[in-house]
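Here's the structure, in structure tokens; my notes come after.
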Amino acid sequence: MKLRKALAMGLAAVMMVSFPACQILAEEAETEAESTEFDPDHDESGIDFTEMREQFGAMPEVADGLVIGGLVKQLQNEFWQSLKSGYEDMGTQIVENTGVELTVDVQAALDESDEEGQLTSMNNMINKAYDGILFSPISDSNLTSAVDTCNDGEIVAINVDDGVAQNTNYFVGPNAYQNGVLAAYWIAEKLDYEGQVAVVIGKVSAYAARERTAGFVDTIAEIAPDIEVVAQQSADWDRQTAKELTETWLTQYPDLDAVFSNNDDMALGVVEAVREYEEETGIHVYTVGVDGNSEAYDSIREGGLDATIDSFPYYMGMASMEVMVRQLNGQDMPKVIWTPQALIDSENVDSDPAEIIGWTDAEY
């Protein structure tokens, strides 16, 4: 808890510049999270990306002819499209600054249920002897066998963002627990530290969903004991399901003040339900999501969604590619490197993302 509290205080500063079935579901999520052996959000060896650059300095000399694969969950979702662009643009930047030949091949599963398809893609990269693979598993276990193969051979495999392969040697991505921490601080302040809130969970099998929920619930209990979390339930990352769930909650809990959703797509479903409720009652229910996609930004500008926790997938992709190239060229990277994130609301929605997180290009 000391580590969690320290992280919470630090990331709160970034924010400034920056019934039974429900209970069972929450308990199952907590049990599953506690049983996880590798927990990147709370790994004591973890450092943030800025610290990594300070520790390792400029980019090393880059070998010619490297082939690096990127494996994302799907490409229908803007988050994964942005991550892909970050991989590719960082690859281009490295080529332009070093003159070496570098190939970046990004592939995706058909959708976020295509676990076997994603495994097949990773195995194909392995069979083609790629030098490194940046992978974002659909679940915590679907790429385990492929990661084992990489670990046993000479392929560097880096787990990027959610889910979390227990056998990975490296993890790069945002601290998902802190997604919930940032949301909790913002909502608590808006509610003057009292009231009722609910949580729309993504897939309970997803590490990020469990951690975002835990970060929010733990922080509310710590900083705002007079705020009651009246409901927690999964909507499986689906917008329509989240809308219907919120409609039910607004009937069951007429004093509901805010809803935290594990991603923006579900949060936008919540917004639909909340808008209808507000038109009927004149009561506003705060809605906060996670991801920072363009539709969420537009909704904030239009007065719909109140806030989102942006993990800046484009810069996450650039950071992950930088870490991969550093590792492949002789710099022994830490196991866990956390990438930037910040809370976005009406006050900073039109600010330059690079300025919000203090992003600078790598030195060569």
Side-chain angles (χ1 to χ4, degrees), residues 32 36 38 40 66-91 103-174 176 201-212 234-242 262-266 290-291 293 311 313-314 316-317 320-321 324:
E32 189 169 356
T36 301
F38 172 52
L66 292 175
V67 179
I68 300 172
L71 188 62
V72 300
K73 292 187 178 183
Q74 51 134 312
L75 288 174
Q76 291 76 40
N77 185 300
E78 183 185 350
F79 181 93
W80 301 109
Q81 294 171 8
S82 296
L83 187 70
K84 175 179 183 288
S85 296
Y87 289 158
E88 294 170 338
D89 288 356
M90 187 62 193
T103 300
V104 178
D105 175 25
V106 183
Q107 299 180 22
L110 293 176
D111 55 45
E112 292 199 34
S113 64
D114 185 22
E115 295 187 17
E116 285 298 322
Q118 191 184 44
L119 176 60
T120 297
S121 293
M122 187 163 179
N123 281 330
N124 287 338
M125 292 179 180
I126 292 170
N127 292 334
K128 293 178 181 178
Y130 284 20
D131 295 288
I133 302 174
L134 298 158
F135 67 96
S136 300
I138 289 173
S139 73
D140 292 350
S141 61
N142 73 299
L143 298 181
T144 299
S145 61
V147 176
D148 275 338
T149 303
C150 292
N151 294 343
D152 292 340
E154 297 183 353
I155 298 175
V156 174
I158 298 179
N159 196 149
V160 178
D161 202 25
D162 179 51
V164 177
Q166 287 298 296
N167 55 340
T168 188
N169 290 326
Y170 305 100
F171 177 91
V172 178
I201 305 171
K203 285 186 179 293
V204 181
S205 61
Y207 176 83
R210 300 193 303 269
E211 285 293 291
R212 289 168 186 170
S234 172
D236 287 332
W237 305 121
D238 183 72
R239 182 181 304 201
Q240 183 61 30
T241 304
N262 284 173
N263 79 349
D264 283 339
D265 203 38
M266 295 189 301
V290 178
D291 281 347
N293 64 39
S311 297
Y314 175 76
M316 188 195 309
S320 301
M321 183 61 69
M324 172 63 79

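Within the 3.5 Å criterion, the main-chain N or O of Ser113 finds a donor-acceptor partner in the side chain of Asp111. Under the 3.5 Å distance criterion, the side-chain polar atoms of Asp131 are left unmatched by any main-chain donor or acceptor of Ile68. Distance alone, capped at 3.5 Å, is enough to place a donor-acceptor pair between the Asn159 side chain and the Gly163 backbone. Of the possible donor and acceptor atoms, one in the side chain of Gln166 sits under 3.5 Å from a partner among the backbone N and O of Phe38. In this structure, Gln118 contributes its side chain and Ile138 its backbone to a donor-acceptor pair below 3.5 Å. Judged purely by atom type and a 3.5 angstrom limit, Asp264 uses its side chain to pair as donor or acceptor with the backbone of Val290. Looking at Ser136, its side chain does come within 3.5 Å of a backbone N or O of Val160 through a donor-acceptor pair.
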### Task
Start with the C-alpha gap between Asp140 and Arg210, add the side-chain angles, then the distance that decides, and say whether salt bridge (Lys or Arg N to Asp or Glu O under 4.0 Å) holds.
CA-CA 12 Å; Asp140 292 350; Arg210 300 193 303 269; 3.1 Å; yes

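Shown here are the side chain to side chain donor-acceptor pair (under 3.5 Å) partners of Asp265, two or more places apart in sequence or in another chain: Arg239. Asp238 meets the side chain to side chain donor-acceptor pair (under 3.5 Å) test with Thr241; sequence neighbours excluded. Residues satisfying the salt bridge (Lys or Arg N to Asp or Glu O under 4.0 Å) test with Glu78, not counting sequence neighbours, are none. Applying the side chain to side chain donor-acceptor pair (under 3.5 Å) test to Ser141 and every residue at least two apart in sequence or in another chain returns nothing. With sequence neighbours excluded, the residues that form a side chain to side chain donor-acceptor pair (under 3.5 Å) with Gln107 are Asp105.
Here the closest non-hydrogen pair linking Ser311 and Met316 is O-CE, 3.7 Å. Closest non-hydrogen pair, Asp162 versus Ala208, comes out as OD1-N, 3.0 Å. What you find for Val104 and Met321 is that their closest heavy atoms are CG1-CE, 3.7 Å. Between Glu115 and Ser139 the shortest heavy-atom distance is OE1-OG, 3.4 Å. Taking both residues in full, the closest heavy atoms of Pro313 and Ser82 are given as CG-CB, 3.7 Å, listed atom of the first, atom of the second, then distance.
A distance of 11.0 Å separates CG in Leu143 from CG in Asp148, rounded to the nearest 0.5 Å. The distance from the CG atom of Leu134 to the CG atom of Leu83 is 8.5 Å, given to the nearest 0.5 Å. Interatomic distance, Leu119 CG to Ser145 OG, rounded to the nearest 0.5 Å: 4.5 Å.
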For a quick test of your reading: what N or O donor-acceptor pairs under 3.5 Å do the side chains of residues 150-157 make, sequence neighbours left out?
unit_1 : atom_1 : unit_2 : atom_2 : d
Asn151 : OD1    : Asn169 : ND2    : 3.0
Asn151 : ND2    : Val147 : O      : 3.4
Asn151 : ND2    : Asn167 : O      : 2.9

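In summary, of the residues considered (Tyr207, Trp80, Phe135), a side-chain contact (heavy atoms from CB on, under 4.5 Å) with Asp161 occurs for Trp80 alone.
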